[in-house]
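Heavy atoms only: backbone and side chains are in, while hydrogens, waters and symmetry mates are out. Nothing here was measured: the structure is a model prediction, and the numbers come from that model.
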Amino acid sequence: MSAQHLLRGLGWPPYHRLDIQPRHGMLVACSASDGRHQVGSRGDLPLPANARQLCRIEPGQPVLLAAIVTHDLLVVHPVSTVARLLADLHTQLAGVGNEH
């Protein structure tokens, strides 16, 4: 997956070592000198198949990438998680509007 602009923002050049773990239904990548994964030569972010499966990310499925520069993290959010969070937010907003 190409994430060049986010990787540049994090200061992760090609071949930068990473640890990628599933957490709370999303994938979290962080710098790790002994990481099993690395940024590709073209700025590609590897998404290991087993980690994708744990997060229910299908090949070719849209995801939302978020760089958290202050913590040196890149988070891969599955589209299903984003949709659920937005639905929850919209439900809360609809409830607020009915109170007035």
Side-chain angles (χ1 to χ4, degrees):
M1 161 174 295
S2 180
Q4 293 175 355
H5 59 290
L6 294 175
L7 296 174
R8 274 194 303 271
L10 288 162
W12 295 357
Y15 310 109
H16 185 82
R17 304 299 300 180
L18 303 171
D19 181 42
I20 300 174
Q21 297 291 325
R23 293 194 185 134
H24 307 288
M26 60 195 111
L27 294 177
V28 178
C30 63
S31 292
S33 59
D34 61 347
R36 293 179 43 200
H37 309 284
Q38 64 183 14
V39 174
S41 62
R42 297 183 189 165
D44 297 332
L45 179 68
L47 297 181
N50 60 340
R52 282 195 330 263
Q53 290 169 350
L54 288 171
C55 295
R56 298 185 179 139
I57 299 172
E58 299 294 328
Q61 179 184 28
V63 294
L64 174 68
L65 301 177
I68 306 171
V69 176
T70 56
H71 294 286
D72 198 33
L73 298 174
L74 190 134
V75 183
V76 181
H77 298 275
V79 71
S80 58
T81 300
V82 174
R84 181 180 43 80
L85 291 171
L86 287 173
D88 291 348
L89 174 63
H90 295 163
T91 299
Q92 289 176 357
L93 290 173
V96 169
N98 291 334
E99 293 175 359
H100 297 292

Measuring only between side-chain heavy atoms, which start at C-beta, is Asp72 closer than 4.5 Å to Cys30? no

Suppose clustering is done on Ile, Leu, Val, Met, Phe, Trp and Tyr with side-chain heavy atoms closer than 4.5 Å. Which residues sit in the same group as Val79? none

Passes side chain to side chain contact (heavy atoms under 4.5 Å, CB included), Leu54 versus Asn50? Steps please. CA-CA 6 Å; Leu54 288 171; Asn50 60 340; 5.7 Å; no

Across all chains, not counting sequence neighbours, the side-chain contact (heavy atoms from CB on, under 4.5 Å) partners of Gln53 are none

Minimum heavy-atom distance between Leu6 and Ala67, given as atom pair plus value: CD2-CB, 3.8 Å

Check Gln61 against Arg56 and note the closest heavy-atom contact, atom names and distance. OE1-O, 3.4 Å

On a heavy-atom basis, the closest approach of Cys55 and Pro22 is SG-CB, 3.6 Å

Taking only residues two or more places apart in sequence, or in another chain, which ones meet His77 in a ring pair (Phe, Tyr, Trp, His ring centres under 6.0 Å)? none

Would you call Leu45 and Val76 a side-chain contact if the rule is heavy atoms closer than 4.5 Å? yes

Taking CZ in Arg36 as the centre, count heavy atoms belonging to other residues, nucleotides or ligands within less than 6.0 Å. Is the count above 12? no

Out of curiosity, does Val39 fall in the hydrophobic cluster containing Val69 (side-chain heavy atoms, cut-off under 4.5 Å, transitive links)? yes

Using a 4.5 Å side-chain heavy-atom cut-off and chaining through intermediate ILVMFWY residues, the residues clustered with Met26 come out as Val28, Ile68, Leu73, Val75

Does some side-chain heavy atom of Leu85 sit less than 4.5 Å from a side-chain heavy atom of Leu89? no

Please enumerate all residues that pass side-chain contact (heavy atoms from CB on, under 4.5 Å) together with Arg84, with sequence neighbours excluded. Thr81, Asp88

Could you check whether any side-chain heavy atom of Val63 comes within less than 4.5 Å of a side-chain heavy atom of Ile57, counting everything from C-beta outward? yes

Residue pairs passing the ring pair (Phe, Tyr, Trp, His ring centres under 6.0 Å) test where at least one lies in residues 13-45, sequence neighbours excluded: Trp12-His16

